[in-house]
Trainee: 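Attaching a single structure in structure tokens format; questions to follow.
When a residue number appears, it is its place in the shown sequence, counting from 1. Numbering of ligands and ligand atoms starts at 1, following listing order.
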Amino acid sequence: MTDLHIDGQRLWRSLEELGRVGAYTDERTGLIGVNRLALTAADGDGRRLVKRWFEEAGLAVRVDAIGNCIGRREGRDPSKAPVMAGSHIDSVPTAGRFDGCLGVLGALEVVRTLNDARVATERPLEIAFFTDEEGCRFGTDMLGSAVACGRLPLERALGLCDKDGKRAGDELRAIGFSGDHPARLAPPRAYVECHIEQGPILAAAGMDLGVVTGVQGISWWELTIAGRAAHAGTTPMRLRRDPGLAAALINVRLDEMARSGRYGAEMRATMGRIDPRPGLVNIVPSQVVCTVDLRNPEDADMAAAERDLFAYVKEIETRLGVTVEARQTARTPRIRFSPDVQAVIARQMERAHLRFETILSGAGHDAQELSALCPTAMIFVPGEHDGISHNPREYSTPEACARGVDVLLHTLLELGAT
Ligand code: GLV
Ligand code: MN
Ligand code: MN
């Protein structure tokens, strides 16, 4: 069985075809990007395409109540818990073609390869794409996998609203993916996700692939800072209560905290959205809504950073005369993946004479949710251009993608054999 290989060209064609769904041209750079924001019409189109591919590969496809789509290839013993692989096909609004799609289309390529070679597995094989991994629209990430694995109640997920007040549940129905299968997933035997690294580490080290040891902690906040609107020309500085200034100071403090080393060497902090109202050149804004994204591999360092950040926010409220309402929109602890599944993955890489190393994921992934349910690990594929991601320049070579998916094939075969 070790001479079985996936078809790298077929995988690449599928990535390209899915990449045309929701494609747009970036006005500034002329590059072609992808926008399949969760539960939009483009997401619906992408879902229908991949679901059709699942069906054409002979899978029994089910859609659950949060819109996760799961295809099942029966095993010799249907009573055994399946081995599972997957990821997501929703995207940030400024995406490339690989984030999430490699894991889903890679899993599909594994099924196609097994079908062509008429290989049966002892355990059933299930492949999936999970709803709204990115979290850009409804404020919280891993929506589908968090519901499937029990971290997030279904009703809460369906009731989340986007910035225009549209409910996730209604939007799911509108694109035809509110399924009737229960969302809670029975524990698989194991879950394996192949994903692009989305960072510079593996390529810089000259690695073919990475074995992912876990995911760092993530903490997301939305801050609504209220001040007082005023004329920019007539209002003396001492009379201002400027929420824009408050957001700027908090952003500077975030940068200082992350660079200080006081919260570990790997803390990261980002204010990705700063939205002033009314947002005009000659008006001190009345309100600013901004977001904070904190990452940390150590839970204690994360907690200390949150504590110190909000002590500073209190200080800013008093100093500037603004009020800050903080809402936590997502929080997940540091996740440690299964050493057993990591060992199975590493064995396939060794067998293929690949250069690889272990790596902690800087980004969040559906695998972090699945790891609460079953032994889980991930395969990382290096990216070009310093691993840029969430950007139209995101790119991994056809050879790198094929290597990752070949390892996925053999990992699933080993895990599914007994
Ligand atoms: C997922 O893309 C994340 O924000 O880590
Ligand atoms: Mn992803
Ligand atoms: Mn992403």
Trainee: Against heavy atoms of A363, which atoms of ligand 1 measure under 4.0 Å?
Mentor: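 That gives atoms 5 (O) of ligand 1.
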Trainee: Angle at the Mn ion (ligand 2), NE2 of H195 to OD1 of D99, rounded to 10 degrees, please.
Mentor: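 An angle of 90° at the metal.
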Trainee: State plainly whether the residues R36 and D43 are in salt-bridge range, i.e. N to O under 4.0 Å.
Mentor: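 Between D43 and R36 there is no salt bridge, as every charged N stays at least 4.0 Å from the carboxylate O atoms.
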Trainee: Using the ring of W53 (Phe, Tyr or Trp, six-membered ring only), decide whether R112 places NZ or CZ under 6.0 Å from its centre and within 45 degrees of its axis.
Mentor: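 Judged by the rule (NZ or CZ under 6.0 Å from the ring centre, within 45° of its axis), R112 counts as positioned above W53.
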Trainee: Work out whether the distance between some heavy atom of Q198 and some atom of ligand 1 is less than 4.0 Å.
Mentor: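 Outside the 4.0 Å threshold, so no.
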Trainee: Do any nitrogen or oxygen atoms of G364 come within less than 3.5 Å of a nitrogen or oxygen of ligand 1?
Mentor: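 Yes.
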Trainee: Hey, is R295 one of the residues with a heavy atom under 4.0 angstrom from ligand 1?
Mentor: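 Right, R295 reaches ligand 1.
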Trainee: Looking only at heavy atoms, is any part of E134 under 4.0 Å from ligand 1, and if so is it the side chain, the backbone, or both, or is it neither?
Mentor: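 The answer is the side chain.
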Trainee: Roughly how far, to the nearest 0.5 Å, is CZ of R123 from CG of L413?
Mentor: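 These two atoms lie 13.5 Å from each other.
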Trainee: Provide the atom name of the closest N, O or S atom of E134 relative to the Mn ion (ligand 3).
Mentor: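 Considering only N, O and S atoms, E134 comes nearest to the Mn ion (ligand 3) through OE2.
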Trainee: Below 2.8 Å, any N, O or S contact between H390 and the Mn ion (ligand 3)?
Mentor: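 So H390 does bind the Mn ion (ligand 3) by this criterion.
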Trainee: When you check the side-chain N and O atoms of Q216 and R295, is any donor under 3.5 Å from an acceptor?
Mentor: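 Distance-only check fails for Q216 and R295.
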Trainee: Going by distance alone, is a donor N or O of one side chain under 3.5 Å from an acceptor N or O of the other, for T113 and E109?
Mentor: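 Their side chains do contain a donor-acceptor pair, which is all the 3.5 Å distance test asks for.
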Trainee: For H390, take its heavy atoms, then give the atoms of ligand 1 lying under 4.0 Å from any of them.
Mentor: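 Atoms satisfying the 4.0 Å criterion: 2 (O).
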Trainee: Would you please classify the geometry between the F380 ring and the H195 ring as parallel, tilted or perpendicular, with 30° and 60° separating the classes?
Mentor: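 Plane angle between 30° and 60°, so tilted.
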Trainee: Would you please say whether a donor-acceptor pair under 3.5 Å links the side chains of N296 and R334?
Mentor: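 No donor-acceptor contact under 3.5 Å links the two side chains.
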